[in-house]
Amino acid sequence: MDGTNDRETAAGGGEGLVIRAAAGTCDVAAGGRTWRCDLRGRLKKGPREVQTPVVAGDRVRFSVVDASADPPTGVVEDVGERRTRVSRMAARRTGGRVEQVLMANLDQVVAVQSLRAPAPQTGFVDRVLVAAERFGVGGVVVLNKVDLAGPEDDLDRWSYFAALGCTVLQTSVKDGRGLDGLRAVLAGRISLLVGASGVGKSSLLNAVDPGLGLKVGRVADKTGLGRHTTTRTELFPVAGGGWIADSPGMRGFDPWDVEPEELRDYFPDFAAAADACRFRTCLHRDEPDCGVKRAVATGALPVWRHEAYLALLRDLEDRRDRLAPR
Ligand SMILES: Nc1nc2c(ncn2[C@@H]2O[C@H](COP(=O)(O)OP(=O)(O)O)[C@@H](O)[C@H]2O)c(=O)[nH]1
Ligand SMILES: [Mg+2]
Ligand SMILES: [Zn+2]
């Protein structure tokens, strides 16, 4: 069960892609239709830890219950192995914490920032790229609203991320710049769009695929939709056979289980300078004779990149302290 082709099987069922899931039920895209499917009982069994037997992005095999119902209905029989998964730590009602899978089979995360209104958030892209590496998915950086650029704006800074192996796009919904590039990047892949409210995520998706008709200029309702909102991910089809996840509260795209001591390995641009650190375990913070701090001082590494690293390091340490058994 792989790829994005949906096949009907002889048994009257089919294979498809889960585009949204809730407790015990999900919607499956297959053969150009969306099937409302319950889960076969045994899929719901198992340890309490498995709260997420089926999530958006799962490839499933289902049998048909009523093909002429509106929507057509079925039962999920099998869930394909997850190539990748995005998860977070969730509080368990009985105490303690448990991994909660938010989405499966993601190919890439698209981190959207705008040049203005709102201004780029320091460290946001750096953090997203660490999480992408952690989850084993690709990273795409989109700088939107470049039509608002003035002579004082240094757009070259963004190409720094290209050297780290991501696709970097400068886009404008106003003048159309970069939209073909974005279309090409989304085609045939499952992507997750992340970025602050107002950066233009909905506008970009509408521009890429007018059929989507997403509302623009609305702040996602953070309180009125019940406690599952932040965990519910929905996939939308985009032209060219791709799928895009729109998840207003996707705070789970966060490198939550990276150990502070491992973080430096997620900054490949530090590697050469780190060879000169006196200590092999150097965190590039307070240690003497640090090659990375030296490289920052000489301008070989950008200050903002080191600052993003230090902020994330502090975050991971705080989180570990909070979770430590007392
Ligand atoms: N100047 C300019 N404004 C944009 C651009 N893209 C979006 N906007 C505006 O930014 C605001 C927020 O857009 P929206 O798509 O709702 O952002 P979202 O919250 O990330 O989904 C709206 O007023 C859009 O018209 C752009 O490329 N250039
Ligand atoms: Mg929006
Ligand atoms: Zn160092």
Side-chain angles (χ1 to χ4, degrees), residues 109-121 124-125 128 140-150 153 155 158 169-183 191-210 212-222 225 229-230 233-234 236 238 244-251 253 260-298 300-301 303 305-307 309-310 313:
V109 60
V110 181
V112 186
Q113 299 250 273
S114 55
L115 190 60
R116 276 196 196 40
Q121 234 177 303
F124 171 75
V125 172
V128 168
V140 178
V141 176
V142 172
L143 181 64
N144 190 35
K145 308 195 191 183
V146 290
D147 54 282
L148 300 177
D153 289 303
L155 296 183
W158 296 93
L169 297 170
Q170 295 184 1
T171 59
S172 166
V173 177
K174 286 269 140 66
D175 66 21
R177 241 179 297 174
L179 296 180
D180 283 341
L182 184 58
R183 240 172 246 124
S191 307
L192 169 67
L193 215 57
V194 295
S197 178
V199 296
K201 297 179 298 298
S202 301
S203 304
L204 282 167
L205 290 184
N206 284 338
V208 161
D209 187 347
L212 287 174
L214 300 175
K215 290 198 175 72
V216 164
R218 295 248 181 127
V219 177
D221 185 346
K222 286 199 183 98
L225 294 167
T229 336
T230 52
T233 308
E234 182 163 2
F236 295 97
V238 289
I244 185 121
D246 179 64
S247 183
M250 194 56 134
R251 284 186 212 93
F253 202 83
E261 294 76 20
E262 296 169 354
L263 180 63
R264 53 172 183 257
D265 301 333
Y266 290 86
F267 283 68
D269 46 331
F270 289 9
D275 278 344
C277 295
R278 190 202 298 180
F279 303 107
R280 243 185 344 110
T281 54
C282 187
L283 291 178
H284 319 317
R285 185 167 50 192
D286 308 315
E287 295 85 350
D289 270 346
C290 170
V292 169
K293 282 191 287 178
R294 210 150 42 226
V296 172
T298 63
L301 281 175
V303 176
R305 185 70 178 149
H306 187 230
E307 283 173 352
Y309 163 82
L310 291 176
L313 181 64

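What you see is a predicted model, and the numbers here were worked out from it, not measured in a lab. Whatever order the structure lists them in is the order used to number ligands and atoms, beginning at 1.
Look at S197 and the Mg ion (ligand 2): no N/O/S atom of the residue is under 2.8 Å from the metal.
For ligand 1, the atoms lying closer than 4.0 Å to a non-hydrogen atom of V173 are 6 (N), 26 (C), 27 (O). Remark: ligand 1 atoms within the under-4.0 Å shell around heavy atoms of K174 are 1 (N), 2 (C), 3 (N), 27 (O), 28 (N). The distance from ligand 1 to the heavy atoms of G217 drops below 4.0 Å at these ligand atoms: 14 (P), 16 (O). Remark: ligand 1 atoms within the under-4.0 Å shell around heavy atoms of L148 are 1 (N). Interface atoms of ligand 1 facing N144, defined by a heavy-atom separation under 4.0 Å, are 5 (C), 6 (N), 27 (O). Interface atoms of ligand 1 facing S172, defined by a heavy-atom separation under 4.0 Å, are 27 (O). For ligand 1, the atoms lying closer than 4.0 Å to a non-hydrogen atom of D147 are 1 (N), 2 (C), 26 (C), 27 (O), 28 (N).
Q170 CD to L115 CG: the interatomic distance, rounded to the nearest 0.5 Å, is 8.5 Å. Taken to the nearest 0.5 Å, the CG atom of N144 stands 3.5 Å off from the OG1 atom of T171. Separating the CG atom in L182 from the CG atom in L204 is a distance of 6.0 Å, to the nearest 0.5 Å.
Looking at A196 against ligand 1, only its backbone comes within 4.0 Å, counting heavy atoms.
The closest donor-acceptor contact from the side chain of R294 to the backbone of A273 lies at 3.5 Å or more, if one exists at all. Here the side chain of D175 pairs a donor or acceptor atom with the backbone of R177 at under 3.5 angstrom.
The heavy atom nearest to atom 14 (P) of ligand 1, out of those in A207, G195, S197, S203, is found in S203. Of the options K215, Q170, K201, K145, the smallest heavy-atom separation from atom 8 (N) of ligand 1 is shown by K145.
Across R264 and T281, no two heavy atoms sit closer than the pair NH1-O, 3.1 Å.
In terms of the side-chain hydrogen bond (donor to acceptor under 3.5 Å, both in side chains) criterion, S114 has no residue partners (sequence neighbours excluded).
Here D147 does not pair with K174 in a salt bridge; the nearest charged N to carboxylate O distance is not below 4.0 Å.
As for H284, its N/O/S atom nearest the Zn ion (ligand 3) is the one called ND1.
Vertex the Zn ion (ligand 3); arms to C282 atom SG and C290 atom SG; angle 110° (nearest 10°).
Annotation: V216 places no N or O atom under 3.5 Å from an N or O atom of ligand 1; distance criterion only.
Classification of the H306-Y309 ring pair by plane angle, with boundaries at 30° and 60°, yields parallel.
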